[in-house]
Amino acid sequence: MKRIVLFGYRGTGKTAIGTVLARRLEVAFVDTDALIEKKSGRTIPEIFQDEGEERFRILEREVIAGLPVSDCIVSTGGGVVMDQSNMEQLRATSVCVLLTADLATIGRRLARAPRPPLTSLPPKEEIAAVITRRQCNYAAAADFCVDTSRTSTEQATDQILCFLEKGTISVVDRKSAFRWFAASPLPAHEQEQLKSLLVGPPCDPLTRFLGVAGWPCGHSKSPLLFNRLFERYRLNCHYTRFWDTSIRTIMERAREIDAKGLSITIPFKQEVMAFLDEIDAAGQQIGAVNTVVFACGTTYGSNTDWLGIRKPLENHSGSRAVLLGAGGVAAAAAYALLDLDMDVTILNRTPEKACALAERFGCHWRAWDAFDGINPDFVVNATPLGMQPDTSSPLRDDQLKKEMTVFDLVYTPPVTPLIAAARKAGCTTITGTEVFIHQAREQFRLFFGIDVPETVIREILA
Ligand code: NAP
């Protein structure tokens with residue numbers, strides 16, 4: 001039997017439900033907090049008090065690394081989801097169940113069985129604050145959610161057993177979703193894979209689905225990358241393409257197959273925002289979302305594009321930067337450059353759009369042909385120039401100086417005319433592939449709470 005891991009905030013019922021579930025499935029029950037206490041010879045409050053949370057997390061990692069990988073129910077500490085190496089261990093070959101409860105219920109349960117405080121806040125405020133801080137990590141940990149606010153231990157256990165047997169997608173929905181995928185431009189071999197996973201045989205009801213949502217999205221390397229990562233981290237998931245002209249239809253289909261997450265690409269990064277319950281701060285300010293996570297009936301949106309742009313620039317903070325373009329990706333780039341305290345000037349073919357974006361972010365703007373007067377040490381191309389059908393460079397060769405760092409967000413071809421000319425001029429160059437690598441790494445973390453080493457992604461894409 002697959003290992004079943006119970007996650008959730010304290011007071012959501014992990015120990016009680018885990019004990020009953022283990023009894024009914026006739027497998028071992030393992031409580032990681034109890035193992036930590038046994039290993040250290042002290043109670044959890046004593047470990048926190050004497051040696052702090054850091055020491056506790058080290059002990060927790062040691063205990064989790066030694067857990068059986070099958071035939072057991074594991075109840076975890078409430079904060080385990082914050083540690084990416086623990087998530088990597090716990091998610092491998094496991095079914096992950098997130099237990100939740102409303103704040104009042106948790107408050108009542110904790111008042112009956114007090115635990116050491118996690119913050120200096122009063123109990124009620126602490127519960128709300130800590131759950132909010134961990135919310136994305138809990139969403140990443142969830143294959144299946146059970147709200148225990150109004151269920152008995154036995155009822156919650158029944159729900160988990162039903163999920164283990166049948167999953168969450170009905171046979172009718174599986175067939176209907178497959179008909180939709182089959183009518184989309186999905187390549188034949190990807191349709192075949194989906195057919196066996198959705199309608200079988202064989203058909204594992206616990207396989208979770210994710211995908212890239214766009215029109216078109218045939219060029220996307222995300223299916224290759226994510227499916228290879230699923231193999232590596234032993235996740236029972238499949239990543240496909242939601243290829244349709246309507247984001248509404250895509251969101252309906254994603255819900256129909258209880259998708260775990262979506263990567264959003266052109267042209268839906270703005271439009272998808274109307275279908276989300278919560279959007280992170282960066283997504284709201286940039287005005288675009290490229291990552292959607294579905295968990296416990298809530299749809300979360302985030303923007304990882306700006307992190308993909310920011311990462312290769314970490315050593316360039318404070319530079320004088322010129323940003324070419326004022327579209328969707330330029331907004332993410334402006335957000336990243338300003339986050340690194342760069343002095344940013346936006347140049348755009350349509351000056352009104354440069355002005356609007358600059359006003360939104362509080363930076364400078366000039367006309368497209370004003371480049372020569374700025375003398376930047378940093379240039380970012382956020383226009384499609386260099387990519388088919390217009391393979392020209394956005395800058396003349398004589399505008400490139402060897403002191404400049406040139407970052408082209410276009411990644412097809414990997415070496416664009418701008419990058420080729422910048423290398424010839426002796427500039428430092430950064431290619432658009434870097435953005436894809438870093439934003440995908442962040443996306444995987446939002447989907448599963450796991451930190452993939454950059455080298456692993458580079459090897460897969462090579
Ligand atoms: P967008 O919203 O359509 O914006 C395009 C921008 O480029 C606009 O500012 C537009 O100026 C300008 N532009 C278009 N054609 C031009 C031309 N011939 N001469 C000068 N300026 C021109 O597109 P987007 O979503 O921001 O995407 C821009 C590019 O970023 C894409 O083509 C793609 O190559 C790249 N991208 C890279 C990644 C990555 O992971 N590396 C991810 C996403 C996108 P106007 O305002 O005058 O129309």
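Look at D143 and K260 and you find no salt bridge, because none of the NZ, NE, NH1 or NH2 atoms lies under 4.0 Å from a carboxylate O. Note on E359 versus K353: no salt bridge recorded, every NZ/NE/NH1/NH2 to OD/OE distance being 4.0 Å or above. Here E256 pairs with R253 in a salt bridge; the nearest charged N to carboxylate O distance falls below 4.0 Å. We find that D397 and K424 are not joined by a salt bridge, their nearest charged nitrogen and carboxylate oxygen being 4.0 Å or further apart. A salt bridge does not link E434 with K311: every distance from a Lys NZ or Arg NE/NH1/NH2 to an Asp or Glu carboxylate oxygen is 4.0 Å or more.
Smallest separation of non-hydrogen atoms from A140 and G449: CB-N, 3.4 Å. Taking all atoms of both residues into account, the shortest heavy-atom contact from Y300 to A139 is CE1-CB, 4.0 Å. Residues I250 and A213 share a closest heavy-atom pair of CG2-CB, 3.7 Å. Nearest approach of T76 to L6, heavy atoms of both residues: OG1-O, 2.7 Å. For L357 against A326, the heavy-atom pair with the smallest separation is CD2-CA, 3.8 Å. Between G77 and T32, the closest heavy-atom pair is N-OG1, 3.5 Å.
Taking CG of D102 as the reference point, atom CG of D147 lies at 6.5 Å (rounded to 0.5 Å). Interatomic distance, CG of N381 versus OG1 of T416, reported as 7.0 Å (0.5 Å rounding). For the atom pair CD1 (I457) and CZ (F436), the distance works out to 8.0 Å, reported to the nearest 0.5 Å. One distance of note links CG of N303 with CD1 of I279; it measures 10.5 Å at 0.5 Å rounding. Rounding to the nearest 0.5 angstrom, the gap separating the CG atom in L194 from the OG1 atom in T240 is 4.0 Å. Atom-to-atom distance recorded for F361:CZ and Y335:OH is 8.0 Å, nearest 0.5 angstrom.
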Next on the checklist: Before you tell me yes or no, could you show the steps for F378 and M342 under side-chain contact (heavy atoms from CB on, under 4.5 Å), namely the whole-Å CA-CA distance, both residues' side-chain angles and the distance that decides it to 0.1 Å?
Outcome noted: CA-CA 9 Å; F378 201 83; M342 293 201 192; 4.2 Å; yes
Item to check | Full working for salt bridge (charged side-chain N to carboxylate O under 4.0 Å, His left out) between R24 and D158 | outcome: CA-CA 10 Å; R24 289 183 49 186; D158 286 342; 2.5 Å; yes
Next on the checklist: Would T345 and R366 count as a side chain to side chain donor-acceptor pair (under 3.5 Å) here? Give the steps.
Outcome noted: CA-CA 7 Å; T345 303; R366 305 275 289 276; 5.9 Å; no
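With sequence neighbours excluded, the residues forming a side-chain contact (heavy atoms from CB on, under 4.5 Å) with S302 are D280, T291, L446, listed by chain and number. For P453, the side-chain contact (heavy atoms from CB on, under 4.5 Å) partners two or more places apart in sequence, or in a different chain, are Y233, T455, V456. Not counting sequence neighbours, the partners of R57 by the salt bridge (Lys or Arg N to Asp or Glu O under 4.0 Å) test are E53, E60. Remark: D339 pairs with R310 by the salt bridge (Lys or Arg N to Asp or Glu O under 4.0 Å) rule, at least two apart or across chains. Considering only residues two or more places apart in sequence or on other chains, T15 meets the side-chain hydrogen bond (donor to acceptor under 3.5 Å, both in side chains) condition with D31. Considering only residues two or more places apart in sequence or on other chains, F181 meets the ring pair (Phe, Tyr, Trp, His ring centres under 6.0 Å) condition with F242. Not a single salt bridge (Lys or Arg N to Asp or Glu O under 4.0 Å) links R255 to another residue, sequence neighbours left out. Shown here are the side-chain hydrogen bond (donor to acceptor under 3.5 Å, both in side chains) partners of T433, two or more places apart in sequence or in another chain: there are none. Annotation: salt bridge (Lys or Arg N to Asp or Glu O under 4.0 Å) contacts of D258 (sequence neighbours excluded): R208.
Counting only heavy atoms from C-beta outward, the side chains of P414 and T431 never approach each other to under 4.5 Å. For the pair R109/T148, a side-chain contact is recorded, criterion being any heavy-atom separation below 4.5 Å from C-beta on. Residues T412 and Q388 have side chains not in contact (no heavy-atom distance under 4.5 Å, counting atoms from C-beta outward). For the pair L198/K175, no side-chain contact is recorded, criterion being any heavy-atom separation below 4.5 Å from C-beta on. Using a 4.5 Å cut-off on side-chain heavy atoms (C-beta onward), V379 and F407 make no contact. By the 4.5 Å heavy-atom criterion applied to side chains, L307 and H438 are not counted as neighbours. With contacts defined as side-chain heavy-atom distances shorter than 4.5 Å, the pair F7/V80 qualifies. Between V95 and F144 there is no side-chain heavy-atom pair separated by less than 4.5 Å.
E231 places no side-chain N or O within 3.5 Å of a backbone atom of R228 that could act as its donor or acceptor partner. Within the 3.5 Å criterion, the main-chain N or O of M82 finds no donor-acceptor partner in the side chain of R134. Looking at N137, its side chain does come within 3.5 Å of a backbone N or O of V81 through a donor-acceptor pair. Looking at S94, its side chain does come within 3.5 Å of a backbone N or O of L90 through a donor-acceptor pair. Checking side-chain atoms of T350 against main-chain N and O of E352 turns up no donor-acceptor pair under 3.5 Å. Looking at S220, its side chain never comes within 3.5 Å of a backbone N or O of C217 through a donor-acceptor pair. The backbone N or O of H316 lies less than 3.5 Å from a partner atom in the side chain of S319, making a donor-acceptor pair. In this structure a side-chain-to-backbone donor-acceptor pair under 3.5 Å is present from Q84 to D451.
Applying the disulfide (SG to SG under 2.5 Å) test to residues at least two apart or on different chains, the pairs with a partner in residues 230-311 are C145-C296.
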Indicate every side-chain donor-acceptor pair of residues 262-276 with a distance under 3.5 Å to a residue at least two apart or in another chain.
unit_1	atom_1	unit_2	atom_2	d
S263	OG	Y239	OH	2.5
S263	OG	Q443	OE1	3.0
K269	NZ	D305	OD2	2.7

Under 3.5 Å, which donor-acceptor pairs link side chains of residues 64-75 to any protein atom two or more places apart or in another chain?
unit_1	atom_1	unit_2	atom_2	d
D71	OD1	M1	N	2.7

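Checked by atom type, the side-chain pair D244/S246 shows no donor-acceptor distance below 3.5 Å. For the residue pair D173 and S176, no side-chain donor N or O sits within less than 3.5 Å of a side-chain acceptor on the partner. If you check the side chains of T304 and Q439, you find a donor sitting under 3.5 Å from an acceptor. With no hydrogens or angles considered, no side-chain donor-acceptor pair links R234 and T93 at under 3.5 Å.
By the 30° and 60° cut-offs, the orientation of the rings of F209 relative to H238 is perpendicular.
Checked against L21 for a side chain to side chain contact (heavy atoms under 4.5 Å, CB included), the options V27, T153, I160 give a single hit: I160.
More than 12 heavy atoms of other residues, nucleotides or ligands sit less than 6.0 Å from atom CZ of R458. Atom CD of E26 is surrounded by 12 or fewer heavy atoms from other residues, nucleotides or ligands within 6.0 Å.
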